[in-house]
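Let me begin by presenting the structure, written as structure tokens, before commenting on it.
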Amino acid sequence: MFVLPVIPYPSINPVLVSIGPLAIRWYALAYIVGILAGWFYARAIITSERLWGGKAPLTVIDFDDFIIWITLGIILGGRTGYVLFYNLPHFAAHPVEILELWTGGMSFHGGVLGCIVAVVAFALRRRIPMLSLGDVTAAVAPIGLFLGRIANFINGELWGRPTNVPWAMIFPNGGPIPRHPSQLYEATLEGIVLLLALGLLVRWGALRRPGIVTGAFALGYGVARIICELFREPDVQLGFLWGGLTMGMLLCIPLMLAGVAVLTFALTRETTPTAAHEPAPSAEPKPQDG
């Protein structure tokens, strides 16, 4: 049988809807849908007493209010991370472009730092357990990761390295060379596989030991990202770094170490029936944030 050297790249307009100067892009839609879907999934997790071995140490109202915080953490952290980790010389010369989010340029690892700040600050404000809030957030995060990688694929960006595999594609901005559709690899490993793995941990009672889901997410994402980076073309302004490593690989090393540390803490920490079954003070009605 004859096998084509490449499969056609499904060229899709990055702009979903355009009304005059107003344009709704797939990338923005991925963020919106990812946050909304994660929100509803998180609410389902919080309301399931079976998963917690009793009432959750935070309420649905808590997480409803937290959505604004985590959204700001994702956007501000992701953009700051991209500026610092991937293109600092350019933005230092053109600082106004830092605010031009619609042109693209977000860093997952920067987004993680922004989310950590949001989790810590909100947990302190509401007096709820940081690790439990982090566990819920981590459990739903792969939804956004999956949609974000699909949006990268639609935009024809962050394509893979040259290859001759039968499913290679020629991307519009990647030259005439067949390449790995690495965005789809990342959507699968960082999104679907990680979501299912964390879902199983939640189902098996991991929420009863705060930190397990958070640590597993950090470690699991790091492993998935490093695997995908083996097929992904490095950012042109950076290229390959020390020993053929990419910036994505290097940034995953501290993330994975942090994941191991959190997992170790969660697995060795003694839990008490009170911590596992009694609601935290946040379960009582509290005034809404202004």
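The analysis underlying the following values was restricted to heavy atoms, covering all of them including side chains, and did not include hydrogens, waters or symmetry mates.
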Quick one: pull up CG in N87 and NE2 in H94 and give me the separation to the nearest 0.5 Å.
10.5 Å
Under a plain distance cut-off of 3.5 Å, with no hydrogens placed, do H90 and E97 share a side-chain donor-acceptor pair?
yes
S182 side chain vs G160 backbone, donor-acceptor pair below 3.5 Å
yes
Return yes if some donor-acceptor pair links the side-chain N/O of S48 with the main-chain N/O of A44 below 3.5 Å, else return no.
no
Is there a donor-acceptor contact under 3.5 Å from the side chain of R161 to the main chain of E229?
yes
Run the side-chain contact (heavy atoms from CB on, under 4.5 Å) check on F146 and L195 step by step: do they pass?
CA-CA 9 Å; F146 169 78; L195 179 67; over 6 Å; no
D62 and salt bridge (charged side-chain N to carboxylate O under 4.0 Å, His left out): which partner among R43, R125, R126?
R126
Do L230 and L250 belong to the same hydrophobic cluster, where Ile, Leu, Val, Met, Phe, Trp and Tyr are linked whenever their side-chain heavy atoms lie under 4.5 Å apart, directly or via other members?
yes
Under the side-chain contact (heavy atoms from CB on, under 4.5 Å) test against M130, which residue among V120, T214, D135 passes?
V120
If you take all heavy atoms of P178 and A168, which pair is closest and at what distance?
CB-CB, 3.8 Å
Do you know which two heavy atoms are closest between I74 and M106, and how far apart they sit?
O-CE, 3.7 Å
In one Ile/Leu/Val/Met/Phe/Trp/Tyr side-chain cluster, 4.5 Å: L200, V140:
no
Kindly give the heavy-atom pair with the smallest separation between Y41 and G199, and that separation in Å.
OH-CA, 4.0 Å
Does the pair Y185 and R232 meet the rule for a side-chain contact (heavy atoms from CB on, under 4.5 Å), with working shown?
CA-CA 9 Å; Y185 302 169; R232 175 174 160 177; over 6 Å; no
Are L133 and W69 connected into the same hydrophobic cluster when the rule is that any two of I, L, V, M, F, W, Y join if their side-chain heavy atoms are below 4.5 Å apart?
yes
In terms of ring plane angle, is the pair F217 and F108 parallel, tilted or perpendicular, where the classes change at 30° and 60°?
tilted
About how many Å separate CG of L88 and CD1 of I98, when rounded to the nearest 0.5 Å?
8.5 Å
Does one side chain, of D64 or W39, offer a donor that lies under 3.5 Å from an acceptor on the other?
yes
Backbone N or O of E157 within a donor-acceptor pair of the Q183 side chain at under 3.5 Å?
yes
In terms of hydrophobic clustering (I, L, V, M, F, W, Y; side-chain heavy atoms under 4.5 Å; direct or indirect links), are I154 and L184 co-clustered?
yes
With salt bridge (Lys or Arg N to Asp or Glu O under 4.0 Å) as the test, would you mind laying out the steps for R149 and E186 before giving the verdict?
CA-CA 7 Å; R149 295 310 182 192; E186 293 189 81; 3.2 Å; yes
What pair of heavy atoms forms the shortest contact from L51 to V202, and how long is it?
CD2-O, 3.6 Å
Hphob cluster co-occupancy, L158 + L238, side-chain heavy atoms under 4.5 angstrom:
no
Would you check if the distance from the ring center of F85 to the ring center of H109 is below 6.0 Å?
no
Hey, could you give me the CG/CG distance between N173 and N155, rounded to the nearest 0.5 Å?
9.5 Å
Measure across I212 and A206 and return the closest heavy-atom pair with its distance rounded to 0.1 Å.
CG2-CB, 3.7 Å
Going from CZ on F66 to OG1 on T59, what distance comes out if it is rounded to the nearest 0.5 angstrom?
13.0 Å
Nearest-0.5 Å distance, CG of residue D65 to CZ of residue F122:
5.0 Å
Looking at K55 and E49, is there a salt bridge between them, counting it only when a charged N and a carboxylate O are closer than 4.0 Å?
no
Does D235 use its side chain to pair, donor to acceptor, with the backbone of Q237 at less than 3.5 Å?
no
Output, in order, the C-alpha distance, side-chain angles, deciding distance and verdict of side-chain contact (heavy atoms from CB on, under 4.5 Å) for R179 and E233.
CA-CA 9 Å; R179 298 179 177 276; E233 185 77 12; 3.4 Å; yes
What do the steps show when you test I45 against W52 for side-chain contact (heavy atoms from CB on, under 4.5 Å), and what is the final call?
CA-CA 9 Å; I45 291 174; W52 299 89; 4.2 Å; yes
Any chance you could measure L131, atom CG, to T137, atom OG1, to the nearest 0.5 Å?
11.0 Å
Least distance between heavy atoms, M169 atom then I7 atom:
CE-CD1, 3.4 Å
Contact check, side chains of L16 and R25, non-hydrogen atoms, under 4.5 Å
no
If we only count heavy atoms from C-beta on, is the P181 to F171 side-chain gap below 4.5 Å?
yes
For the aromatic rings, using the six-membered ring if either is Trp, is the centroid distance between Y9 and F153 under 6.0 Å?
yes
Donor-acceptor contact below 3.5 Å, side chain W26 vs main chain N13
yes
If you draw a 6.0 Å radius around CZ in F40, do more than 12 non-hydrogen atoms from other residues or ligands fall strictly inside?
no
